[in-house]
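Right, one structure below, let's go through it.
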Amino acid sequence: MDERRERIVCDCDHKSVTGDSLEAKQDERLFDQSADAWLLARALGHLHADEADAEGRHDYRQAIELLGRCSRASATVAQILGRVSAHDVPLRWGMLHVLADVGDRDALGLFAEVAAAPIDEAHHDRRACESPSDGERLVRVMAVEGLARLARGDEDARRALESVVAEQPDAAVRSAAVQALRALDPEVGSRLAEFLPQDQRWMLEARTASIHELVPEIEASERAELVLGPPAQDRAVSRPQIKKEC
Amino acid sequence: MASCTYTVPNLVTSGDSLYGPRICWQPFVDWAWDAFDFDKDDWDDGFGYDNVCDNTQPLSRAMSGVWCLTYSSPRFPSESYSGNILEWGGRFARNAIDEVDGRCGDGTAVAWTQWGPFADDKTELYLSFFYSRSVPERAGTLIHEARHADGKGHDSANRDSSWGYNGAWRWQVCWLAWFAFEGTGTTSALKTLARQRANIILASQFVTPPGFTV
């Protein structure tokens, strides 16, 4: 996947005083190749139906059910993953999420391949915090989650997760696989320990934090004044207006 | 001045089809423009100044991140610091960040903040921010950069030594976790993505791992 990385070419001055200029180009159409691809696009189109969109969520579930009945869902996703731009992380992630929701055992090989694939860190600016390679971790973690769902009652999927632990050196992806295995079998730690370097053994004892622990510490001096508050979303504007005949 | 090109990505899977129409609202654009100190020179020339509602362009996509950061708490309009970071994170960010600039970058970074005495305080957002991140991830990045703008850098290269250091990675994890826990106006898939992103940070960005997941 990483071999298709597109370089962003620029003759840039990192601290330019004026802005940069940007041009768009269209990507190829990815979902026109087959009926299965069309169905996958339909599922993706409703992946982010929000809590108020009951019809959209229904259409998503319907598309998932139909994908589950077709024999080439996994192969279709694999084919499109091979063509989609590496930069479109949300699309790659979304396709794996759809496949995980389908729950087809045929996806096991694809999930395992994606989860174990090495991550190229060569293009990370070490001065910067977040890196484009974070997206590669996200895609692999979604593949791990797909394996985890299959692993409930499937020994091959469980072994695939153990292979990820053994073969994937990236700590974040490896941790996702370890936690998935621990959820299936709390005693799995002794088997996994041999694959983990000392500085990653914490994964075998990690706990799930309570949301109420997840609080940044903010000093009184950092508590900014409440100025420039955002506009309230004006529901009155969207209410239908009754026209009165004179 | 640099020039660059981008490929229009899928608008649904990033959340831009969901959030993009929401930012297409003049009172919000006016407010966010001032609150985060956007400037025309940093967002024209293809970055979206001429059509803020075009969710294929960087300005709309940045605005979607701001929208997500601002309106995801079920307790909005409360932004009280006695609440959780989902509630006050937008308030903190807009007060800490001095200005937001759209830039090409060189493909190796997502965002970058400069701060300190005798420095031109600013936050630059690059193509990866606009085109390789989902909307909630962009909101998380804004929290991260706001923590830097507030004067807190990393203390171990671009990682934090520990959870107790209370740096930008901790703040970003907290925001993403609360978004996954009780974010409103969003989707279960985006909450899953936010949770996964938080766990990726927990596993990789602390020299002493915090020892928990979310």
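Every chain is numbered from 1, with letters handed out A, B, ... down the list of sequences. On a predicted model such as this, the values are computed, not experimentally measured, just so you know.
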* Side chain from CB out, backbone as N, CA, C, O: work out which of these in Met95(A) comes under 4.5 Å of a heavy atom of chain B, or both, or neither. => neither
* Asked: What part of Ala171(A) lies closer than 4.5 angstrom to a heavy atom of chain B: side chain, backbone, both or neither?
  -> both
* To do: With a 4.5 angstrom heavy-atom cut-off, could you sort out which part of Glu217(A) is near chain B: side chain, backbone, both or neither?
  => both
Could you pull out every donor-acceptor pair under 3.5 Å between side chains of residues 205-214 of chain B and any protein atom, sequence neighbours left out?
none

* Asked: Can you say whether His97(A) sits under 4.5 Å from chain B via the side chain, the backbone, both, or neither, judging by heavy atoms?
  -> side chain
* Asked: Measuring heavy-atom distances to chain B, does Glu145(A) have an atom under 4.5 Å in its side chain, in its backbone, in both, or in neither?
  -> side chain
* Please identify each residue that fulfils side-chain contact (heavy atoms from CB on, under 4.5 Å) with Pro74(B), with sequence neighbours left out. => Leu86(B), Glu182(B), Thr184(B)
* Measuring from Trp93(A):CH2 to Ser132(B):OG, what's the distance to the nearest 0.5 Å? -> 15.5 Å
* Modelled atom types, side-chain donor and acceptor of Glu23(A) and Ser3(B), under 3.5 Å -> no
* Asked: Between Asp50(A), Ile211(A), Asp101(A), which shows the greatest number of heavy-atom pairs under 4.5 Å with chain B?
  -> Ile211(A)
* **Interatomic distance, Asn84(B) atom CG to Leu214(A) atom CG [nearest 0.5 angstrom]** => 10.0 Å
* Structure fact -> Max heavy-atom pairs within cutoff under 4.5 Å with chain A, candidates Arg133(B), Arg159(B), His148(B), His144(B), goes to Arg133(B)
